[in-house]
There are 2 protein chains.
Amino acid sequence: MSTTPRRTLGTLLRAAYADLAEHVYGNIAARGFPGIRRAHGGILRHIPAQGARLSDLARSAGMTKQSMAYLAEDLTRLGHLESIPDPADGRARILRLTPSGQALLQALTALSAEAEAAMAARIGPARMTALRRALERLAG
Amino acid sequence: MSTTPRRTLGTLLRAAYADLAEHVYGNIAARGFPGIRRAHGGILRHIPAQGARLSDLARSAGMTKQSMAYLAEDLTRLGHLESIPDPADGRARILRLTPSGQALLQALTALSAEAEAAMAARIGPARMTALRRALERLAG
DNA sequence: GGCTATTCGTCAGATCAACTGACTAAAGGA
DNA sequence: TCCTTTAGTCAGTTGATCTGACGAATAGCC
C-alpha cells in the first residue's frame with residue numbers, strides 16, 4: 001500500500017501558493033485596505049522608493065505596459081500610487097508610492113509573514129527552512 | 001550587506017509554479033495535443049476511470065459547475081472527454097476520458113516529471129526531496 | 001400517489017487579469 | 001532635418017473564473 005498518490009509538483013506548488021494568497025488577500029481588507037486584489041500586490045513590490053516609469057515597471061514585472069497601466073490605475077484611484085510627470089522626459093510619468101501605499105505594502109508584507117509563520121507551525125521550522133532554501137535556489 | 005532581499009514565500013512559490021507550468025503547457029502541443037491550456041490539465045486529474053458527473057468534478061476541483069462545464073466542453077470538442085447519460089439519473093451526464101484523453105493525461109504527467117527532473121538537476125536531488133516533502137506535508 | 005425541496009446541468013451576464021494591434025507625442029541619433 | 005525608437009493610451013479580445021436565474025428530474029415525506 002501507500003503508493004502515495006504522487007501528486008505532481010505543480011499541483012503541490014499551486015496549492016501552497018493558493019493557501020498563502022488566500023490568507024494575505026482574504027485579510028487585507030480587514031486591515032484597512034479594501035479593494036486590493038492579488039494582481040495589485042505583485043506590482044507594489046516592484047516600485048522603488050524614488051518611483052519608476054510605467055514601462056520599466058511593466059518590464060520588471062514581466063507584463064505589458066497596458067496590463068501594468070490597468071493595475072496602476074486601480075492603485076492610483078485607491079490613493080496608494082501617485083504619478084508625477086518625469087522632468088527629464090515629456091512622454092513619461094513617474095509612478096511612486098504614497099504614504100498610504102507604503103502602509104499597504106507593509107501590511108501585505110506582514111500578512112505574508114504571518115501566513116508563512118502559520119505554515120511553519122504546521123510543518124515544523126526545519127521543513128520550512130528547507131522549503132525556502134530550495135525555492136530560493138530555484139529562483140536563482 | 002546581504003540582507004538577502006527576502007522575497008516573500010508567495011513570490012517564490014509562484015515563480016516555481018510558473019516555471020513548471022511553462023514547461024508543461026509550452027510543450028504539450030508539440031507532443032501532439034494542441035489547444036490544451038493550463039486550466040484543462042487540472043481537471044483531467046480529477047476524472048476517475050469510471051467517469052464522474054459534472055457536479056462532482058466541480059466539487060472535487062473546487063470550482064463552480066459552470067466553470068467546469070466551460071472547461072469540459074473544450075476537452076470534449078478536442079476529443080479527450082466523452083459524456084454519456086447517467087442511466088441512474090436522468091438529469092446527469094457521466095464524463096469520461098476517451099483513449100485520446102488518457103494519452104493526453106499521460107503526456108501531461110510525463111512533461112511534469114521532466115520539468116521536475118530538470119529542477120532537481122538545478123538544485124540537487126537532496127533539496128528537491130526536501131522541497132517535495134515539505135509541500136506534501138503542507139497539502140496534508 | 002402527490003407535494004415540496006433539492007440537485008443536475010444550462011443560459012446569460014459580469015469581473016479580473018492578462019493579451020495584441022494601432023495610435024500620438026516626445027526623444028534621440030545620423 | 002528626418003527617421004527610428006520609446007512612453008503611454010485607446011480599443012478590442014481571450015481565458016478563467018464568478019453569480020444569479022432557470023427548467024427538468026429526483027428524492028423525501030406525508
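Chain identifiers are assigned alphabetically (A, B, ...) following the order of the sequence lines, protein sequences preceding nucleic acid strands; residue numbering begins at 1 within each chain.
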Protein-nucleotide distance (B:R93, atom CZ; D:dA24, atom P), rounded to Å
17 Å
Applying a 4.0 Å non-hydrogen cut-off, can you work out what B:D86 is touching in the nucleic acid: base, sugar-phosphate, or nothing?
nothing
Taking only N and O in the side chain of B:T64, is any of them less than 4.0 Å away from OP1 or OP2 of D:dC18?
yes
Regarding B:S112 and B:T109, do their side chains bring together a donor and an acceptor under 3.5 Å, going by distance alone?
no
Would you give the length of the straight line joining atom CZ of A:R38 to atom OH of A:Y17, rounded to the nearest 0.5 angstrom?
5.5 Å
Nucleotide nearest B:A92 (side chain, heavy atoms from C-beta), chosen from C:dC19, C:dC8, C:dA17
C:dC8
Over how many whole Å does the gap from A:Y70 atom OH to D:dG15 atom P extend?
17 Å
Distance-only donor-acceptor test (3.5 Å): side chain A:Q66, base C:dG21:
yes
Between C1' on D:dT6 and CZ on A:R53, what's the gap in Å once rounded to a whole number?
8 Å
Establish, from distance only, whether the side-chain atoms of B:H80 and B:T98 form a donor-acceptor pair under 3.5 Å.
no
Donor-acceptor check, side chain of B:T129 to backbone of B:P125, threshold 3.5 angstrom: yes or no?
yes
Taking only the side-chain heavy atoms of A:D89 (C-beta and beyond), determine which of D:dA7, D:dG15, D:dT9 contains the nearest atom.
D:dA7
By nearest-nucleotide position on DNA chain C, the 5'-leaning member of A:K65 and A:G90 is A:K65
To the nearest angstrom, the CZ-C1' distance between B:R14 and C:dA17 comes to 10 Å
Quickly work out the A:R91 CZ to C:dG28 P distance and round it to whole Å.
7 Å
Is the shortest distance from a Lys or Arg side-chain nitrogen in B:D74 or B:R37 to a carboxylate oxygen in the other one below 4.0 Å?
yes
What integer distance in Å separates B:L54:CG from C:dC8:P?
9 Å
Using whole Å, report how far CD1 of B:I94 lies from C1' of C:dT7.
14 Å
Which nucleotide wins on minimum distance to the side chain of B:S55, given the candidates C:dG9, C:dC11, D:dG15?
C:dG9
A:M63 side chain, from C-beta outward: closest of C:dG9, D:dG20, C:dA18
C:dA18
Roughly, in whole Å, what's the span from CE in B:M68 to P in D:dG15?
18 Å
